[in-house]
Amino acid sequence: MKKIGIIGTGMIGTSLAVLMTSHSIKTVVLAVNEELKNESIGQFKKFLNKLKNEDIIDSDNILGCENYLEYTYEYEDLKDCQYIFEAVVENLDVKHEVYQKIEENVSDLKAICSVSSAIEVDKLNEKMSKYKEKLLVTHPFFPPHYVPYFEIAYGKSTDKDTIDEVKRMLEDMDRKVVILKKSVPGFIGNRLQFALYREALNLVQNGIANPEDIDICLKYSFCPRYTSIGMFEHFDNGGLILNYEVCNTIFPSLSNQDKPPRVLKDLVDNDELGRLSGKGFYTWDEEFTKDFEKRVSKPYLRFINWKFPG
């Protein structure tokens, strides 16, 4: 790969820049203004210094990654990129404007990869002409330089060769890639995560358990199991007759609520927005936040095992 472009300087875009530069890929990040550019540069260095603190890389590796990174304010500086990752806000109008500028300024693209969390490809590409068949969703989980999973969703117009190219490109960066058979809002990972979250909220709403106890259940019961085996493997192993009977017992009482429950709405209405405001289901004081930062990336450190540039 000669060069990859990233449009967006937020946490996802900057993490993608770490992933690409650490694989010795020339990467150009498009920023809206100098302030956002400087914020991204600072975050880029924080990501790398965190890896250094974990003894995964050294100072020479950080310099090596920085040598593969450049920033720009102009779309025309993306003209020789083979792949462009769109990592802007989840607003369809903004994304359509970005794609229009890509089509106007980039002459020979293999793919445009949106990191949209939920928007389907046929809505993303509906105003495109030149590169409509080159756009797909490559949905990562944050931060993508830690979490090795990407899920690819494509639309009716997406070219099969483009899907294969993007899958190969991500695998070259040591990612595990899944291609959806059809696109749905939320794709695979977020649908599973929010199905679990809906039931967790239901348990809190109905006074069955508090958030802390639910989190203890997740951390110390079945979640660690799924870091080495899959859910379908697990239930196959236990026997599907038992699985079938438990489904009959539990499914009728599971939440099927189609909007956020009161327990979540009340927090949002009271501006208790989690870490953003200092209080949500937890109180995010300095001690709790520091402990969380130590724990949040720990399970993924074993996946960072490629050769960094020196």
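Note that this is a predicted model, so its numbers are computed, not measured.
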Presence of salt bridge, Glu171 and Lys167, under 4.0 angstrom: yes
Qualifying residue for side chain to side chain donor-acceptor pair (under 3.5 Å) with Tyr99, from Lys127, Glu86, Lys130: Glu86
Note, Asp93 side chain near Glu97 side chain (heavy atom, < 4.5 Å): no
No-hydrogen, no-angle side-chain donor-acceptor test under 3.5 Å, Asn202 and Gln205: no
Residue pair Asp215 / Tyr282, side-chain donor-acceptor N/O under 3.5 Å: yes
Residues Asp291 and Arg295 bridged, charged N to O under 4.0 Å: yes
Residues Lys95, Glu90: salt bridge by 4.0 Å N-O rule: yes
Parallel, tilted or perpendicular: rings of Phe194 and Tyr197 (30°, 60°): perpendicular
Lys110 side chain to Thr162 side chain, donor-acceptor N/O pair below 3.5 angstrom: no
side-chain contact (heavy atoms from CB on, under 4.5 Å) involving Pro143 - partner list, sequence neighbours excluded: Ser15, His145, Tyr146, Val147
Non-hydrogen side-chain atoms of Trp306 and Met173 separated by less than 4.5 Å: no
Note, Glu126 side chain near His96 side chain (heavy atom, < 4.5 Å): yes
Lys219 atom NZ, over 12 foreign heavy atoms within 6.0 Å: yes
Salt-bridge contact Asp164-Arg168 (side-chain N to carboxylate O under 4.0 Å): no
Exercise: do Asn53 and Asn49 side chains pair donor with acceptor under 3.5 Å: no
Min side-chain heavy-atom separation Lys3-Gln82 under 4.5 Å: no
No-hydrogen, no-angle side-chain donor-acceptor test under 3.5 Å, Ser40 and Tyr71: yes
Cluster companions of Tyr244 among Ile, Leu, Val, Met, Phe, Trp, Tyr (side-chain spacing under 4.5 Å): none
Other residues, nucleotides, ligands: >12 heavy atoms within 6.0 Å of Glu286 CD: no
Glu104 CD: over 12 foreign heavy atoms closer than 6.0 Å: yes
Any donor-acceptor N/O pair, Thr158 side chain to Leu135 backbone, under 3.5 Å: yes
Lys156 with Glu133: basic N within carboxylate O range, under 4.0 Å: no
Test item: side-chain donor near acceptor, Tyr68 and Glu66, under 3.5 Å: no
Pair Glu76 + Lys79: basic N to acidic O under 4.0 Å: no
Carboxylate-amine/guanidinium contact Lys50 Glu54, below 4.0 Å: no
Parallel, tilted or perpendicular: rings of Trp284 and Phe288 (30°, 60°): perpendicular
His23 side chain near Asp174 side chain, heavy-atom distance below 4.5 Å: yes
Distance-minimising heavy-atom pair for Asp77 and Val28: O-CG1, 4.3 Å
Over 12 foreign heavy atoms within 6.0 Å of CZ, Phe281: yes
Greater than 12 external heavy atoms within 6.0 Å of Ile208's CD1: yes
Pairwise side-chain contact, Val115 with Pro140, heavy-atom cut-off 4.5 Å (strictly under): yes
Closest contact, heavy atoms only, Ala200 versus Ile214: O-CD1, 3.5 Å
Glu212 CD: over 12 foreign heavy atoms closer than 6.0 Å: yes
No-hydrogen, no-angle side-chain donor-acceptor test under 3.5 Å, Glu165 and Tyr83: yes
Note, Val137 side chain near Phe187 side chain (heavy atom, < 4.5 Å): yes
Remaining members of hydrophobic cluster (4.5 Å side-chain criterion), Tyr220: Ile216
